[in-house]
Amino acid sequence: MGGGEVANPASVYSAEVKRGPLVISVTQTGTIKAASQAVVKSEIEGMATILELVPEGEKVSAGDLLISLDTSKLQDDRVTAEIKVRNDESDLLQANEELAVKENQAIADVSAAELDLRFAIEDHKKYMEGDFPKELKQAQNKIVIADAELKRSQEKRRGSERLYEADFISFSELEADRLSEQKNQLDLELARQAADLLEGWTYRRKIDEFESDIEQKTMALERARRKATADVAQANARVSARQAELRREQLRLDNIVRQIGAGNIYAPTDGMVVYATSSQGGWRGNQEPLEPGQSVRERQELIYLPDDVDRIAEVSIHESQLDKIRVGQKARITLDAVPGAVFWGEVETIAP
């Protein structure tokens, strides 16, 4: 068309401009899955071998047996643990008996030591208030008697001397009276020495012996009390140790029994069996589904029982499109398996 020509209006497409909504959409593919599902895991510690397994895709009801795991080793462990628990119960019983014996022995030893100390104190008091005054009185009485005997013999000797001078008695009779006087003089001296010895040495030595005995008995009582406390504490410690050992072994036995019970895994709810290996693409690259003879680890997910009521769509959105997504936005969903059908949902969560 030349520079001076005008376009034919009939050859130009046109439309009337109107105000209306502008739809900005983000289209991505995703996966439809159950909104919730029960997850069945192995609760046996370590590794366990599958003995029986419900077929994948089978409908099950709550309480149906899904998996049986090999618990033969756990059965052996339970026998060993039960024997250990019985032995620990016996050890605890013996420790309690020993504690009772130690407590009784401690009471007896302390009581005996207290009695010994009381006797030592009473012996000291008895000597001070009874034996010594009695012995002193006896010694003083002996002095009085010896003095009286000496005076009597002196009078007799003087009379014998007068009689001898008058030739009424013989010289031998006079000598006998003189010897009697000397003997009584010696008896008086011995009595005085005995009294002096009693007051000046025997009394002091006896007091020292009684005080030393009281001191020894006091220390013996303290030793008895300390030994009793130590023995009872040691026996209590043995009881506590046996109780702790029994609790540990009982917990171990309870855990083994629990694991044996976990060897049979039952459906927690109604649903259709889906192997976790099928849903996750296998564990550690194993694409094969679960089957008897395979070993599974503790806490490994084995079976899913999806909820048949609600469904969710998991969609991966490129980060460049994330600013267009908000929680609560409407979502239009179509399925390849149901051509032409349109389902409407809502953005529930956005992953961090």
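Residue indices begin at 1 and follow the sequence shown.
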Full working for side chain to side chain donor-acceptor pair (under 3.5 Å) between R258 and N255: CA-CA 5 Å; R258 179 191 62 77; N255 184 48; 2.7 Å; yes

Is R152 paired with E149 through a side-chain N to carboxylate O contact shorter than 4.0 Å? yes

With a 6.0 Å cut-off (strictly less than), is the heavy-atom count around NZ of K217, excluding the residue itself, greater than 12? yes

More than 12 heavy atoms of other groups within 6.0 Å of R204 CZ: yes

Take I260 and Q75, measure what side-chain contact (heavy atoms from CB on, under 4.5 Å) needs, and give me the verdict at the end. CA-CA 7 Å; I260 291 174; Q75 298 286 356; 3.4 Å; yes

Results of ring-ring contact (aromatic ring centres under 6.0 Å, His included) for F168 - residues two or more places apart only: none

Take the angle between the ring planes of F210 and Y127 and call it parallel below 30°, perpendicular above 60°, tilted in between. tilted

R118/E122 salt bridge by N-O under 4.0 Å criterion: yes

Using a cut-off of 6.0 Å, state whether more than 12 heavy atoms not belonging to Q138 lie near its atom CD. yes

Summary of ring-ring contact (aromatic ring centres under 6.0 Å, His included) pairs that have at least one residue in residues 60-112, sequence neighbours excluded: none

So, the side chain of D76 versus the backbone of K73: is there a donor-acceptor pair under 3.5 Å, distance only? no

Transitive ILVMFWY side-chain link L74 to L253, under 4.5 Å: no

Inspect the surroundings of NZ in K84 and state if more than 12 heavy atoms from other residues, nucleotides or ligands are less than 6.0 Å away. yes

Would you say the side chain of V60 lies within less than 4.5 Å of the side chain of L305, judging by non-hydrogen atoms? yes

Between R192 and D196, does at least one N-O distance fall below 4.0 Å, as a salt bridge requires? no

Main-chain N/O of V232 paired to N236 side chain as donor or acceptor, under 3.5 Å: yes

